K.L.:
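Provided herewith is a single structure, encoded as structure tokens, for subsequent inquiry.
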Amino acid sequence: MSCPFKHLHADTPAVTSSKDNGCAINKIVLFMQRHADAAFLLDHLGNIVYRNKAAQLMFLSNVNQMNLCSLFSFTQPSSTGGSCDFWDDLAKSLSNSEPQSHDVVVMENDGELGFRINLIKMPPELMGDGNKDVFACAYVTPAHDHVNEMEKNSIQGIAEECAVEDEQLQKHTKDVVQASLDPMFSLYENGTIGVANDPAVHLFGYSHAELVGKNIASICPTAREVQNVLNFMNAPSMNKQQATTAMDKFGRRVSIKLGLSLNQTFAGSEDPVYFAHMKDLTTLEEQKSQIDHKDTLCQAMINASFDPMFGIDQRGKIIVVNKAACQAFGYAQEEFVDNNISMICNESDARAHDQYLHRYVSTGEKRVIGRKRSLVARRKDGTEFPIELGVSEVCLSNGEKMFCGYMRDRTQEQLDKKMLRRKEAVIQGKFFQVEPMDARGAMKKNSSRCMQ
């Protein structure tokens with residue numbers, strides 16, 4: 001809320017307010033600002049403590065610190081101190097009258113009716129200890145104007161009207177703020193908290209009474225800085241939410257995501273209302289830390305395998321891969337992740353692999369899962385090599401499926417088998433693969449040559 005004393009002259013005695021009674025005097029001054037008639041706050045000597053815009057326009061001069069009576073021609077100060085005597089009579093009459101209000105009709109020197117002044121004594125209990133210099137409120141209107149007498153005769157009517165408007169605004173603001181599931185505040189223009197909801201109370205450890213009237217800068221300095229920027233740029237809201245930190249009642253730092261919006265005409269209010277939205281990131285950060293820890297542990301366990309291992313989703317996209325797979329196929333881990341597993345299949349299997357996955361997801365018919373299969377895989381350089389593949393299925397909480405494939409390079413195994421077969425052939429006399437009949441024919445041919 002804008003400062004109700006913003007129109008006070010720099011040399012004017014400050015109208016201060018205590019914590020208990022500042023709200024009441026602020027409302028009265030705010031009411032005077034909005035009033036079409038000239039209005040003044042006066043001290044016990046009749047000097048003007050505060051005047052509204054209408055008063056400045058009516059008298060076309062800086063009337064601050066002047067005596068009210070000196071504004072009218074028939075009460076100009078004289079050598080006999082007529083202005084002071086006139087005010088003393090008014091003040092005495094005002095103090096003794098019941099109710100505590102007084103009408104004065106001012107006649108100009110030419111005898112014509114000039115102004116009508118309505119004086120209202122300010123109750124001390126309404127002013128508080130910090131505003132004892134404020135004695136009366138004066139409304140000045142041209143005598144020919146028709147003035148709402150009920151409004152001018154009762155300070156209680158002014159206070160009640162302001163209180164009703166403020167109560168309606170507070171109720172509407174509270175309803176909006178309390179509807180949020182995340183911490184939320186309503187802020188006045190100077191950064192003071194107007195309303196805080198229950199999640200804000202829970203997050204920062206303050207009570208509602210402790211938060212109301214507290215400056216948001218003491219909880220989240222960034223929020224106050226952003227509010228100043230919005231006010232300077234006359235922007236309705238931040239372009240995007242901002243991650244920052246706040247401080248709770250016990251001095252602990254809280255990670256939050258901050259959003260701030262400005263409403264110029266909220267619930268009919270003439271003053272801008274800011275709303276600060278906050279989201280507690282502490283729990284999210286803890287959960288993220290736990291997930292990162294589990295991911296690191298899982299990756300370490302996967303990397304401990306000597307055989308290549310892949311994890312893919314039900315669309316064939318590679319989610320996780322171990323170091324052994326990178327070494328076996330010649331790809332970096334970044335080249336594998338988010339690419340289709342068909343990149344390591346030979347040409348025929350690569351074309352049909354997505355169809356295999358789609359058929360299984362649709363029908364549930366297992367042809368590979370739970371079994372070992374001998375296949376041919378392809379490295380990054382295009383060379384192919386034999387592998388043995390085993391596939392297992394993992395059902396995720398969101399209903400989707402994930403598949404883990406474990407591979408074993410059979411290149412050395414096949415070479416070993418081939419070498420073993422050759423050794424067996426030598427042992428059995430079949431190293432040169434010569435048939436018995438061919439051997440006998442060769443012997444007969446050689447013996448005939450010898451006989452010749």
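Worth saying up front: this structure is predicted, and the values here are computed from it rather than measured.
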K.L.:
What is the minimum heavy-atom distance between Ala217 and Arg224, and which atoms define it?
P.N.:
CB-CB, 3.8 Å
K.L.:
If you count the non-hydrogen atoms of other residues, nucleotides and ligands that lie under 6.0 Å from NE2 in His208, is the total more than 12?
P.N.:
yes
K.L.:
Quick one: does Thr192's side chain have a donor or acceptor within less than 3.5 Å of a partner on Tyr188's backbone?
P.N.:
no
K.L.:
What I'd like to find out is whether the side chain of Val49 reaches to under 4.5 Å of the side chain of Phe40, using heavy atoms alone.
P.N.:
no
K.L.:
List the steps and the verdict of side chain to side chain contact (heavy atoms under 4.5 Å, CB included) for Ile318 and Asp338.
P.N.:
CA-CA 5 Å; Ile318 299 172; Asp338 290 337; over 6 Å; no
K.L.:
Tell me whether Arg408 is salt-bridged to Glu388, with the criterion being a basic N under 4.0 Å from an acidic carboxylate O.
P.N.:
yes
K.L.:
With distance as the sole test, does Thr383 use its side chain to make a donor-acceptor pair with the main-chain N or O of Arg379 at under 3.5 Å?
P.N.:
no
K.L.:
When the ring centroid of Phe250 is compared with that of Tyr206, is the distance short of 6.0 Å?
P.N.:
no
K.L.:
Run Phe275 and Leu260 through side chain to side chain contact (heavy atoms under 4.5 Å, CB included) and show every step you take.
P.N.:
CA-CA 6 Å; Phe275 292 100; Leu260 201 68; over 6 Å; no
K.L.:
Measure from the side-chain N and O atoms of Asp37 to the backbone N and O of Ala55, and report whether any donor-acceptor pair falls under 3.5 Å.
P.N.:
no
K.L.:
Is there a side-chain contact between Thr222 and Leu258 in this structure, where contact means two heavy atoms from C-beta onward sitting under 4.5 Å apart?
P.N.:
yes
K.L.:
Using side-chain contact (heavy atoms from CB on, under 4.5 Å) as the criterion, point out the one residue from Asp248, Asp198, Val254 that pairs with Leu203.
P.N.:
Val254
K.L.:
Distance-only, no hydrogens or angles: does the Asn197 side chain make a donor-acceptor pair with backbone N or O of Asp182 under 3.5 Å?
P.N.:
yes
K.L.:
What do you reckon, are the aromatic ring centroids of Phe336 and Phe310 less than 6.0 Å apart?
P.N.:
yes
K.L.:
Check whether any side-chain heavy atom of Gln355 lies under 4.5 Å from a side-chain heavy atom of Arg359, and answer yes or no.
P.N.:
no
K.L.:
Got a donor-acceptor contact below 3.5 angstrom from the Asn47 side chain to the Asp43 backbone?
P.N.:
no
K.L.:
One pair to check against side chain to side chain donor-acceptor pair (under 3.5 Å): Asp295 and Gln299. What are the steps and the verdict?
P.N.:
CA-CA 6 Å; Asp295 286 346; Gln299 188 65 52; over 6 Å; no
K.L.:
With a 3.5 Å distance limit and no angle check, can you tell me whether Ser342 reaches the backbone of Cys345 through a side-chain donor-acceptor pair?
P.N.:
no
K.L.:
Please lay out, stage by stage, how Lys257 and Gln242 fare under the test side chain to side chain contact (heavy atoms under 4.5 Å, CB included).
P.N.:
CA-CA 5 Å; Lys257 183 172 284 187; Gln242 179 178 348; over 6 Å; no
K.L.:
Is the backbone of Thr411 close enough, under 3.5 Å, to the side chain of Gln414 for a donor and an acceptor to pair up by distance?
P.N.:
no
K.L.:
Donor-acceptor pair, distance only, cut-off 3.5 Å: does the side chain of Asn322 make one with the backbone of Met309?
P.N.:
yes
K.L.:
Has Glu335 got a side-chain atom pairing as donor or acceptor with Ala332's backbone, closer than 3.5 angstrom?
P.N.:
yes
K.L.:
Does Leu187 reach the side chain of Val273, with side-chain heavy atoms less than 4.5 Å apart?
P.N.:
no
K.L.:
Would you check if there is a donor-acceptor pair between the side chains of Asp416 and Gln412 at a distance under 3.5 Å?
P.N.:
yes
K.L.:
Does any non-hydrogen side-chain atom of Lys279 lie less than 4.5 Å from one of Gln241?
P.N.:
no
K.L.:
Should we count NZ of Lys288 as having more than 12 external heavy atoms under 6.0 Å?
P.N.:
no
K.L.:
Do Ser218 side-chain atoms and Asn215 backbone N/O form a donor-acceptor pair below 3.5 Å?
P.N.:
yes
K.L.:
With Tyr360 as reference, evaluate Glu365, Gln314, Lys401, Glu393 under the side chain to side chain donor-acceptor pair (under 3.5 Å) test and give the passing residue.
P.N.:
Glu393
K.L.:
Before accepting this row, confirm whether a basic side-chain N of the pair Arg315/Asp313 lies closer than 4.0 Å to the acidic partner's carboxylate O.
P.N.:
yes
K.L.:
Testing the basics here: between Met247 and Phe204, what is the closest heavy-atom pair and its distance to 0.1 Å?
P.N.:
O-CD2, 3.7 Å
K.L.:
Please step through side chain to side chain contact (heavy atoms under 4.5 Å, CB included) for the pair Val376 and Ile387, ending with a clear verdict.
P.N.:
CA-CA 6 Å; Val376 176; Ile387 62 168; over 6 Å; no
K.L.:
Is any NZ, NE, NH1 or NH2 atom of the basic residue among Arg351 and Glu347 found under 4.0 Å from an Asp or Glu carboxylate oxygen of the other?
P.N.:
yes
K.L.:
Does some side-chain heavy atom of Lys317 sit less than 4.5 Å from a side-chain heavy atom of Ile341?
P.N.:
no
K.L.:
Answer yes or no: does atom CG of Leu181 have more than 12 heavy-atom neighbours from other residues, nucleotides or ligands under 6.0 Å?
P.N.:
no
K.L.:
Looking at Phe385, does the NZ or CZ of Arg410 lie under 6.0 angstrom from its six-membered ring centre and within 45 degrees of the ring axis?
P.N.:
no
K.L.:
When you compare the side chain of Ser207 with that of Val201, does any pair of heavy atoms fall below 4.5 Å?
P.N.:
no
K.L.:
Between Thr282 and Asp280, is any side-chain donor less than 3.5 angstrom from a side-chain acceptor?
P.N.:
yes
K.L.:
With the side chain counted from C-beta on, respond yes when Gln327 and Pro308 share a heavy-atom pair under 4.5 Å apart, and no when they do not.
P.N.:
no
K.L.:
Out of curiosity, Ser289 OG to Lys294 NZ, how far, rounded to the nearest 0.5 Å?
P.N.:
11.0 Å
